[in-house]
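Okay, so here's the structure we're looking at.
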Number of protein chains: 2
Amino acid sequence: MSTTWQDEIAAETRAGRRISDRFIVDKVRAAVLTQRLPPGTRLPEVALGEIFGVSRSVVRKALTRLAADHVVSQQPNQVARVRAPSIEETRETFAARRLVEGEVAALLAGGSTPTLLEEIALLVEREAEAHARGDEPARIEHSLAIHHLLAEHSPNRVLGAMLTDLILRTSIVIALYKRAGLASCYLAEDHPALLAHLRSGDAEAARRSIHEHLQALEGLLDLSIRETRIDLMAILGQGEGARMSLSRG
Amino acid sequence: MSTTWQDEIAAETRAGRRISDRFIVDKVRAAVLTQRLPPGTRLPEVALGEIFGVSRSVVRKALTRLAADHVVSQQPNQVARVRAPSIEETRETFAARRLVEGEVAALLAGGSTPTLLEEIALLVEREAEAHARGDEPARIEHSLAIHHLLAEHSPNRVLGAMLTDLILRTSIVIALYKRAGLASCYLAEDHPALLAHLRSGDAEAARRSIHEHLQALEGLLDLSIRETRIDLMAILGQGEGARMSLSRG
DNA sequence: AGCCAACCTTATGTATACAAAAATTCAGGT
DNA sequence: ACCTGAATTTTTGTATACATAAGGTTGGCT
């Protein structure tokens, strides 16, 4: 994974651009989303600075922004760590997203442009194809793109920004709590149904389909009471593996 | 106003505490809320640093956090300025808050503790008293306290945090767009009605009373189309007054 | 052997110096 | 008189040095 970062950093510097805090935010967020940086991983400022070839100033700004996005936790005089949302917070995040994304979908059911509907239709198709050929990373990417499209085109931009945040947070906890044996969180009917309701302009049906979709998604997670699993992971599991790959750079 | 800050800074240092970024965030946010720092005001890092007696490092962190809270706008290589939300954003913020606070109130209608209900009842009473004696600052404080209480006690803490943010943002635009001749935004019936519905446990009635309350509040604002008012203010009105009081420190 | 304390390592908090980019000012020309 | 453009000033971006606090480790003591 460090090599991936190394490559992207090299590409960025070759392009004449300096590494910005934004770049670091994006890379760390992507790594957290794909669990290359598991919850609890320590993110010391100097180590990150060496990896990205910048000083602590830039890293600190990036970490502050990641903390505002709920990706890392930052406590005074302590190392920043990849956040491990609790089961309770996971449930609450899903509930918040149901509320917000449901409203956005309802707003969009009235006034979405044909262009938007076509873009969504394309992504829905691609997601199905990716699933059919067993390409789970591509499927996740297209699925996320659909929801991000809703957020970006929300008539209410304040709600849209909130939704962007919630999509990120739910993605993190989905990666975290996905039931062990489950190959994919694909729900074949849900996105086509949503699209149909957006097309027909039925706001309440669109809202309902979002609610059901997210409810089903949450149901695919392993949110059993034994929260110890995560605590142990945060305390013990962050050990040598993740730490080394960071300090190796 | 600088003298107020000076006093608070002196009190903080006397107490042995160093001025933290948190302190600066709180003070700037309060000043924006009370319009002592009008929209468009420039907030240069060195000037703020001199006022608070800290270096740019601390100020920068504070400004980054204020930007995350939508209080100031920060663009690369430009001075941070107090944000002036547009009329459109104001409407969208109110809509978002109606959605979120309505849900929180509905959740709270079922399961709020007697303690919480008593606290709210006390604040409702105090707000009415403050209004009766014409003490508008105190009235605003108690009114805000009621809504913050809902946010803090939200069974869904994710929604609660989102509501805290939205309360701040709506407070800013209320101060910004309050109709000129209006002495107060007090709506005598609304808070008591909300309290009654929280007590009775009727979730949908509680949600509805929040919706109506916020709709009425938005109706008290001057959101006419001529947005030029704000643009002019941001460009011209930020002149000597605010700038000087900052540089005078 | 177990526990405690002092030390040392590590990492963050803060200030400051220098570089680069904007904004402003002022002079020159049309 | 107005517009243009270079020089100056202001302000931010980044790196680095020093101070401080947290965490772990080793030594000594009971």
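Values in this document were obtained by computation on a predicted structure and should not be read as measured data. Residue numbers begin at 1 in each chain, while the letters A, B, ... track the order of the sequences.
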- Item | Separation of atom CD1 in A:Ile24 from atom C1' in D:dA15, rounded to whole Å | 14 Å

- Query: Do side-chain atoms of B:Glu92 reach the backbone of A:Arg157 as a donor and acceptor pair under 3.5 angstrom?
  - Reply: yes

Can you give each donor-acceptor pair under 3.5 Å made by side-chain atoms of residues 22-30 of chain A, sequence neighbours left out, with the distance rounded to 0.1 Å?
residue : atom : partner : partner atom : Å
A:Asp26 : OD1  : A:Arg29 : NH2          : 3.2
A:Arg29 : NH1  : A:Asp69 : OD2          : 3.1

- Sorted by chain and residue number, the side chain to side chain contact (heavy atoms under 4.5 Å, CB included) partners of A:Ile140 (sequence neighbours excluded) come out as A:Glu136, A:Leu144

- Message: In whole Å, I'd like the distance from the CD atom of A:Glu50 to the P atom of C:dT10.
- Response: 12 Å

- Task: For B:Leu48 and D:dT12, give me the distance from atom CG to atom P, rounded to whole Å.
- Result: 9 Å

- Item | side-chain hydrogen bond (donor to acceptor under 3.5 Å, both in side chains) contacts touching residues 52-61 of chain A (sequence neighbours left out) | A:Glu45-A:Arg56, A:Glu45-A:Arg60, A:Ser55-A:Ser57

- Task: Calculate the interatomic distance between A:Arg81 atom CZ and C:dA11 atom P; express it in whole Å.
- Result: 12 Å

- Task: Under the side chain to side chain donor-acceptor pair (under 3.5 Å) rule, collect the residues that match up with A:His70, sequence neighbours excluded.
- Result: A:Arg169

Could you run down the sub-3.5 Å N/O contacts of the protein with nucleotides 12-14 of chain C?
residue : atom : partner : partner atom : Å
C:dT12  : OP1  : A:Glu45 : N            : 3.4
C:dT12  : OP2  : A:Glu45 : N            : 3.0
C:dG13  : OP1  : A:Asn77 : N            : 3.3
C:dG13  : OP2  : A:Arg60 : NH1          : 2.7
C:dG13  : OP2  : A:Arg60 : NH2          : 2.9
C:dG13  : N7   : A:Arg56 : NH2          : 3.0
C:dG13  : O6   : A:Arg56 : NH1          : 3.1

- side chain to side chain contact (heavy atoms under 4.5 Å, CB included) against B:Ser154, all qualifying residues, sequence neighbours excluded: B:Val104, B:Asn156, B:Leu159

